[in-house]
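What follows is a single structure, written as structure tokens, with notes after it.
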Amino acid sequence: MPPKKRQRKEKGSAEPAPKRTKTSKSTGTEDQPVYTHWLMKSEPESRIEGGVDVKFGIEDLKKEENQISCWDGVRNYQARNFMKQMKIGQLAFFYHSNCKVPGIVGIIKIVKESYPDHTQFDKKDIHYDPKSKKDDPRWHMVDVQFVRMLKRYIPLSELKEIHHKHKDSGGPLKSLALFTRARLSVQPITKEEWDFIMSLENKKQ
DNA sequence: GCCAACGTTGGC
DNA sequence: GCCAACGTTGGC
């Protein structure tokens, strides 16, 4: 018999498989979980990359018109694929990364579903992708809107401590993507993880 | 299609 | 600023 067909869990990485959309026989077998909550990372502190400041913290989002911004510049296939799954009205944690005290700072919601990221076609943009074609854009983004700040900042260190405990006890944060897929800038959050993290908001640390 | 080299992310 | 982890690229 032929070799096992790989059982690609749900990585969605490197874009090698040219899409199995209309070829696959059993169309309905989306064995990937359907996520309804997300976590999105952004840097709240100034850092110059290619002559441009990449800083975009939650305070910067609040200053945007209607407190809405597009989430451009994502150049990772897994992260892009998660953005493609996002639906209007879904909630995400706004996470501050690459800063003194990384952690979850607030809540945002999806207000526009995935559409082509214009920066991939802009030669002057650091996220310019010469291999992306106008009629077949490689990179997509969503629009998000500020919802509210968390009642208290939930630092990564606290989540990590809980994650470690839950790995032993089987608690809700046992496989939180922040630790199992640390480098992903757009991550899925299960309902159980969301609810648990939300419950931390009211506990004093 | 393997895998070494390279580049990037992001915690510390 | 260091560097581990890991995604991406390209030679073979």
Side-chain angles (χ1 to χ4, degrees), chain A residues 1-20 32 35 38-61 71-85 92-106 108 114 117 119-133 136-142 144 150 152-167 173-189 193 197 200 205:
Chain A
M1 57 148 77
K4 288 274 172 345
K5 70 161 183 293
R6 217 86 219 299
Q7 194 62 359
R8 262 303 50 175
K9 301 264 320 216
E10 57 119 58
K11 267 335 204 188
S13 45
E15 194 78 337
K19 248 151 246 149
R20 28 78 231 211
Q32 313 187 353
Y35 293 105
W38 311 95
L39 179 146
M40 302 172 83
K41 297 181 181 175
S42 192
E43 303 185 31
E45 294 175 4
S46 284
R47 187 171 65 81
I48 306 302
E49 191 181 318
V52 177
D53 194 347
V54 298
K55 169 182 185 293
F56 190 77
I58 200 161
E59 294 304 326
D60 299 298
L61 175 60
W71 205 265
D72 62 335
V74 171
R75 294 295 181 268
N76 169 284
Y77 290 109
Q78 288 186 53
R80 179 204 65 180
N81 293 347
F82 284 133
M83 284 202 295
K84 284 184 170 181
Q85 296 172 35
F93 288 127
F94 196 111
Y95 178 91
H96 278 170
S97 67
N98 216 358
C99 55
K100 292 267 184 41
V101 185
I104 296 171
V105 62
I108 56 182
S114 99
D117 177 341
T119 64
Q120 70 196 301
F121 303 119
D122 180 357
K123 287 198 175 64
K124 291 174 307 231
D125 196 283
I126 41 169
H127 298 295
Y128 174 62
D129 182 351
K131 288 191 274 194
S132 185
K133 296 285 177 311
D136 186 20
R138 178 177 302 196
W139 304 109
H140 293 73
M141 62 187 183
V142 296
V144 301
L150 289 192
R152 69 178 182 91
Y153 190 68
I154 301 182
L156 180 67
S157 56
E158 180 180 346
L159 293 168
K160 183 182 278 183
E161 223 174 276
I162 298 168
H163 168 66
H164 281 129
K165 280 188 212 146
H166 284 192
K167 275 199 294 184
L173 300 194
K174 63 177 186 298
S175 46
L176 194 67
L178 262 183
F179 307 107
T180 58
R181 306 156 87 168
R183 293 179 37 186
L184 255 193
S185 66
V186 175
Q187 310 186 342
I189 297 274
E193 290 166 344
I197 293 170
L200 296 175
Q205 172 67 3

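None of the values given here were measured: they were computed from a predicted structure.
Along DNA chain C, the nucleotide closest to Thr180(A) and the one closest to Asn98(A) are compared, and the more 5′ of them pairs with Asn98(A).
Here dG7(B) presents its C1' atom at 15 Å from NE2 of His127(A), a figure rounded to the nearest Å. One atom, NZ of Lys41(A), and another, P of dT9(B), lie 11 Å apart when rounded to the nearest Å. To the nearest angstrom, P of dT8(B) lies 11 Å from CZ of Arg47(A). The nearest whole Å value for the distance from the CD1 atom in Ile126(A) to the P atom in dG7(B) is 17 Å. Atoms CZ (Arg75(A)) and C1' (dG10(B)) sit 19 Å apart, rounded to a whole Å. Atom CG of Asn76(A) and atom P of dG10(B) are 9 Å apart (whole Å). Protein atom CG of Leu39(A) is 13 Å distant from nucleotide atom C1' of dG10(B), rounded to whole Å. Between the C1' atom of dC12(B) and the CD atom of Glu43(A) lies a distance of 15 Å, rounded to the nearest Å.
The shortest distance between side-chain heavy atoms of Tyr77(A) and Arg138(A) falls below 4.5 Å.
Here Phe121(A) pairs with nothing under the ring-ring contact (aromatic ring centres under 6.0 Å, His included) rule; sequence neighbours left out. Contacts of Tyr95(A) classified as ring-ring contact (aromatic ring centres under 6.0 Å, His included), with partners at least two apart in sequence or in another chain: none. Among residues two or more places apart in sequence or in another chain, the side-chain contact (heavy atoms from CB on, under 4.5 Å) test is passed with Phe179(A) by Leu156(A), Leu159(A), Lys160(A), His163(A), Leu176(A). Here Glu49(A) pairs with Arg47(A) under the salt bridge (charged side-chain N to carboxylate O under 4.0 Å, His left out) rule; sequence neighbours left out. With sequence neighbours excluded, the residues that form a side-chain contact (heavy atoms from CB on, under 4.5 Å) with Arg75(A) are Asp117(A), Thr119(A), Gln120(A), His127(A), Trp139(A). Scored by the salt bridge (charged side-chain N to carboxylate O under 4.0 Å, His left out) test, Lys165(A) finds no partners at all (sequence neighbours excluded). With sequence neighbours left out, Asp122(A) forms a side-chain contact (heavy atoms from CB on, under 4.5 Å) with Lys124(A), Asp125(A).
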Study note, to complete from the structure: Output field dot_bracket for DNA chain C (Watson-Crick or G-U, both distances under 3.5 Å, | for other-strand pairs) contains ||||||||||||

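An OP1 or OP2 oxygen of dG11(B) is reached within less than 4.0 angstrom by a side-chain nitrogen or oxygen of Tyr95(A).
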Check: protein-nucleotides 3-5 of chain C nitrogen or oxygen pairs below 3.5 Å:
unit_1, atom_1, unit_2, atom_2, d
dA5(C), N3, Arg183(A), NH1, 2.9

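Note on Phe179(A): nothing from the nucleic acid sits closer than 4.0 angstrom, heavy atoms only.
Considering only side-chain atoms of Ser185(A), the nucleotide from dG11(B), dT9(C), dG10(B) that sits closest is dG10(B).
Aromatic ring pairs are classed by plane angle as parallel below 30°, tilted from 30° to 60° and perpendicular above 60°; the pair Tyr35(A) and Phe82(A) is perpendicular.
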